[in-house]
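Each chain gets a letter, A, B and so on, in the order its sequence line appears, and its residues count up from 1.
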Amino acid sequence: MRSGSRYRKRLVLFHPHTGRRIMASYDIAAIEVKWQDRWEAAAVSRVTEGSGKPKFYNLQMYPYPSGELHMGHLRNYTYTDLLSRYKTMRGYNVLTPMGWDSFGLPAENAAIKTGVHPRDFTESRIVKMKEQLRRLGNVYDWDREVACHRPDYYRWTQWLFTRFFNEGLAYKKDAPVNWCPQDQTVLANEQVINGECERCGCEVVKRNLSQWFFKITDYAQRLLDDLDMLDKWPDRVRTMQRNWIGRSEGAQFSMDIVERPEVSIEVYTTRPDTTFGMTFVVLAPEHPLVAELTVGTEYEGPVAAFVAEVSKVSEVDRLAGGNDKQGMFLGVHATNPVNGTRMPVYIADYVLMGYGTGAIMAVPGQDQRDWDFATKYGIDIIRTVEPPADFDGEAYTGDGIAINSDFLNGMEMAEAKATIIDWFETQGKGARTVQFRLRDWLISRQRYWGCPIPIVHCGSCGAVAVPDDQLPVLLPEVDNYKPEGRSPLAAVDSFVNTTCPSCGGAATRETDTMDTFVDSSWYFLRYTDARNENEAFSRVNADYWMGIDQYIGGVEHAILHLLYARFFTKVLHDMGHVSVEEPFDALFTQGMIVKDGAKMSKSKGNVVSPDPYYERYGADAIRLYELFIGPATDDAVWNDNGVEGTSRFLDRIWRMGTGDIGTLTERAATDADAEIVKVVHRAVKKVTNDIDRFAFNTAVAALMECSNALASWMRSDEGGNQATFDEVFPMVLLVLAPMAPHMTHELWERLGNQTLLATHQWPEWDEALVAVASVTLVIQVNGKVRDRIEVPIEISEAEATEAALASPRVQAILDGAQPRKVIARPPKIVNVVI
RNA sequence: GCGGACGUAGCCGAAUUUGGUAUAGGCGCCAGACUUAGGAUCUGGUGUGCGAAAGCACAUGUGGGUUCGAGUCCCACCGUCCGCACCA
């Protein structure tokens, strides 16, 4: 890219001979600052709940305050501001707040490196980020700013935690959890991607630790069911959530152990119809019965060794084994409840303790995993579903007729399932059950820069919630931020040692902090009442603004944040704090900006800073290119020349508005004048419809086309009509304003308007002008375009046919012959078939 | 492996509603104008092949199909991306 401001350069350039200023120009920097000040002074985005207008809650996912915005980030911010300004002009009471997801590891890691307090680090970056958002021209209701690291916010995060705790929705338990050795903290399942830490990418290991969980599984069914209501969400995101929740229906039943009559094994299966085909039983290596069944036997030693071996292997490697399944016989047998068959009991690495009962009935005939294991260890295989005649696979998992299954024989899968479950239930041996893949949300973290968990551990009272009047539990100052397997808070004696709020005895504080996804699970509610000192938010305000009419963010949160926030909203609904059950009525997931084949990121070194573009082209041109770069849903490749293009377009609008293009005269309107009015009305309609469907790239294209037409009209020999220009040019400015607010505001003012453009109403188009009187009728012969004629739009089928056949081109091809068939679809097309 | 999305000029992309003018708009490129100069601005051109032109033929990943007509619908394949991945 070239350096130096084009606009500044133009300001000093004049034609050397004529003295005429040869370049339309304006001091873009001065105009930007001027209007940013005006918007602030006019408080265009400060809203109250008491407006008579319909409300519109416009929200983007609040960002981590990194301090450095790059072109990839700006796309998102441009969309939000565009929508904010557009909806305001459309007459809505628009809430567009902004805040900071300001707890988290970057600030803490910086503190470890440089010693600067995470709070100071974070606050300074917030200041920088706000400057950058202002520079882009974005307007927010800053009176509602929230930052989750500030005590006036996390006080209420803690308050919410204690509500969850009191309801039994927050609990502490010992469990094998995901431990990230790099970040020295535990992670939620949702934060482990293919066995790796979502943040740092290093391999996660399992550790048995006592951790805090939120009981999101209590809400699994509702979280699943209500996805159906979210019809303004991308299907993709809903599907991902459905899969993550992972509901399955089946049966649970127990089996007696032949050698140990006092012991029975519970199994869960989604294929109870295949129970007659069960030839062995498998326990997960971590299953509690493993030790019990082998203690004192010859199997005890080898099995213990095997279990130790398996637990050493990371989950990734364990799953990476694919078809090579490792297992071991336990020396005992189980009885198949449906036919009394005696079957060996194994442990195997392919059965997971965390799902179902941690034990399975193995049916190799109908399950490929069981097939693999059975063939490896020489176990019987019985088919109980008749495979299709042409089936040449191993296990057959599809639907079919039950065979070798006694009273199920001849039934199809669904009927067989229902029948056997009824049988289990009447025999009292088992029951119909539902399983979810979703696990409870692990929220404790062994890190400093997060919200302290407001719990006191008392020797006699157990875990006690910190009472409301003692909130917030402030983050203590620490000497060392470095995590060493436990929270840095644990090293602060004055923090740890306290008294029990319940009995007054000596007690210790919980030293873990919360996952930052807890903070972000309710911030949108705080925005509705951000300065409330007595409550997290008032129900009146929350009910006025919720649900969020448009939520914009990255698809990377499809499961994490979006699932947690839905969970929180449902809990708060159930507690009576808010009426809605779903927070986000409409969700839009925008694509990323890609450069050199990767998402822009500091670590990849492919970040494009907006600074030089601000210098040379200004905020409006950047915004416009962010909109124009491609479909909003798709990833887009950054093109250094793109801003040049949108800048040229803006420049043309500017020169048109300041009389530097063509001529305008006072005269009676001509056909060309009438036509340009139509062109503008059509553009207004298209821009409006395109914004409504998030097709910003085509909205910009429509305006470019419109401005090209305007310029040609003004440059034509007869020039443009002043009255016509005065009628249509402001319309163009108005619809361009949400995209390029600075320049349009300036021109709007220079055209003599007293009112602020930002609060002016959106222009209406006249359908009569949008409608076309005549169209091009395409005449095809055998599907190939052979002629085009102008016809009135209301042309009849007969007239169109006649006109087509009268075409000299068609006549020439027909050469006197009769067409076999004529298909007329007036006024668009006639196809003559010969 | 399973599921989903996508594949259009040199590049990014358009073709909304119901199958009906494929390639809008931008970038880039070529030529010209104004110029001491142009990296500004303006004018014209720009899918491929044949042709002086009119025009003709061929082009939406590949191959089939449905249809008067397919970028759009159906089938198979190739490629790219995303999600899930021993969840019983």
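Residue-environment remark: CD (Glu802(A)) stays at or below the threshold of 12 foreign heavy atoms within 6.0 Å.
Nucleotides rG65(B) and rG55(B) place their P atoms 32 Å apart, quoted to the nearest Å. As rounded to the nearest Å, rA57(B) and rG71(B) have P atoms that lie 16 Å from one another. Taking the C1' atoms as reference points, rA70(B) lies 28 Å from rG26(B), given to the whole Å. Only the C1' atoms considered, rG13(B) is 14 Å distant from rG28(B), to the nearest whole Å.
Remark: the Asn641(A) side chain and the rC27(B) base include no donor-acceptor N/O pair separated by less than 3.5 Å. Looking at Arg825(A), its side chain comes within 3.5 Å of the base of rG20(B) through a donor and an acceptor atom.
Applying the Watson-Crick and G-U wobble criteria (two distances, each under 3.5 Å), rU41(B) pairs with rA33(B). The partner of rC6(B) is rG79(B), judged by Watson-Crick or G-U wobble contacts that both fall below 3.5 Å.
Among the nucleotides rU16(B), rU43(B), rG28(B), the one closest to any side-chain atom of Arg715(A) is rU43(B). The side chain of Arg786(A) lies closest to rC56(B), out of rC56(B), rA88(B), rG20(B).
At the heavy-atom level, Arg238(A) lies nowhere under 4.0 Å from the strands shown. Asp235(A) comes within 4.0 angstrom of no nucleic acid atom, judged by non-hydrogen atoms across all strands. Using a 4.0 Å heavy-atom criterion, one finds that Asn689(A) contacts no nucleic acid atom at all.
Taking the ring axis of Trp765(A) as reference, the NZ or CZ atom of Arg682(A) does not stay both within 45° of it and closer than 6.0 Å to the ring centre.
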